[in-house]
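One structure is given here, and the rest of the page talks about it.
Excluded from the calculations below are hydrogen atoms, water molecules and symmetry mates; all remaining heavy atoms, backbone and side chain alike, are included. Numbers here simply count residues along the sequence, with the first being 1.
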Amino acid sequence: MARAREPASERSAGAGSAGDAGHSRAGGRPRDSALDEAIILAARERLVKDGYWRMTIGDIVADAGVTRPTLYRRWKNKLDLVVDALDYGFRKQGDMYTVDLSQLDAREALVEAVHRANPTYYNPDAMVLMGNFAGEAIRTPELLDILRRHAVEPRVALVERVLGQLQESGAVRAGIDAHTIATMCFGSYFAAFYRGEDSKQIPEQVVAVLWPGIATGS
């Protein structure tokens, strides 16, 4: 991973509030977004390799090539950094979308929605990352809630939202349980991971099973 180096003036500065994320410091220059990204990428790598409990701020700043004050000006603690690290992955995934769902026919739109529910869509190590978070459920229970809100729910909600749009257009029956279907679509990726199966064909395979039972006129 390419590591951004901070300017000398950054290295000598003292620690400040993490509440200035995305803003200029009072009376100072704007934050360096390259440093933000270097820290987040380092944190994401450490989460996969070490897990949350063993991951340290010292390792993160060393990997990112920054100082502790630089990190603490942005995030007040490790937990806050992890929240942004998860959000970063989901935003990057969104940047990869090249297909406008509204331009697809109904079945193709659902296939693409299931594809976007794949946790590894952007990050190949996402299953390991999620497993690390789940493994901390007893020691650090708030991590599981963070995982649900920032990595699971947005993906499940995406599929559920597309199903709702297909219901409104009349392509899918009104009486379907969109929430359960979306949950099953998301869960299919975990089943494939634990069975050691390739997930590339999951969107098409899952929709092939679902479509006859949910499409109008089937």
Could you grab the distance from atom [atom1] of [X] to atom [atom2] of [Y], nearest 0.5 Å is fine?
| X | Y | atom1 | atom2 | result |
| --- | --- | --- | --- | --- |
| K78 | T140 | NZ | OG1 | 7.5 Å |
| D63 | R46 | CG | CZ | 4.0 Å |
| T183 | E153 | OG1 | CD | 8.0 Å |
| R44 | E37 | CZ | CD | 10.5 Å |
| Y122 | D95 | OH | CG | 9.0 Å |
| L81 | M55 | CG | CE | 6.0 Å |

R116 NZ/CZ over Y97 ring centroid, <6.0 Å and within 45° of normal: yes
Would a distance-only check, ignoring hydrogens and angles, find a side-chain to backbone donor-acceptor pair under 3.5 Å from [X] to [Y]?
| X | Y | answer |
| --- | --- | --- |
| T56 | D59 | yes |
| D125 | V128 | no |
| T216 | G170 | yes |
| Q167 | A174 | yes |
| K92 | N123 | no |

Steps toward side chain to side chain contact (heavy atoms under 4.5 Å, CB included) verdict (I202, Y189): CA-CA 7 Å; I202 282 179; Y189 289 102; 3.7 Å; yes
Can you tell if the side chain of [X] reaches within under 4.5 Å of the side chain of [Y], non-hydrogen atoms only?
| X | Y | result |
| --- | --- | --- |
| L144 | F133 | no |
| L86 | L129 | yes |
| R155 | F90 | yes |
| L79 | I146 | yes |
| E136 | E142 | no |
| F186 | V152 | yes |

If you look at every heavy atom in [X] and [Y], which pair is closest and at what distance?
| X | Y | answer |
| --- | --- | --- |
| V162 | A113 | CG2-CB, 3.8 Å |
| P119 | A126 | O-CB, 3.1 Å |
| V114 | P203 | CG1-CA, 3.7 Å |
| S102 | D100 | OG-OD1, 2.7 Å |
| D145 | R149 | OD2-NE, 2.8 Å |
| V82 | L143 | CG1-CD2, 4.3 Å |

Do the side chains of [X] and [Y] join up, straight or via other hydrophobic residues, at under 4.5 Å, putting them in one cluster?
| X | Y | answer |
| --- | --- | --- |
| L147 | I138 | no |
| F193 | M184 | no |
| V209 | L163 | no |

Stepwise side chain to side chain contact (heavy atoms under 4.5 Å, CB included) check, N132 with W53: CA-CA 9 Å; N132 287 343; W53 190 254; over 6 Å; no
I40/W75 under side chain to side chain contact (heavy atoms under 4.5 Å, CB included): CA gap, chis, key distance, verdict: CA-CA 10 Å; I40 285 177; W75 298 277; 3.8 Å; yes
Parallel, tilted or perpendicular: ring planes of H115 versus Y121, cut at 30 and 60 degrees: tilted
Trace of the side chain to side chain contact (heavy atoms under 4.5 Å, CB included) decision for V99 with L104: CA-CA 8 Å; V99 178; L104 301 177; 3.6 Å; yes
K49 NZ: over 12 foreign heavy atoms closer than 6.0 Å: yes
Passing option when R74 is tested against D84, D80, D36 for salt bridge (Lys or Arg N to Asp or Glu O under 4.0 Å): D36
Matching residue for I176 among L210, L166, I214 - test: side chain to side chain contact (heavy atoms under 4.5 Å, CB included): I214
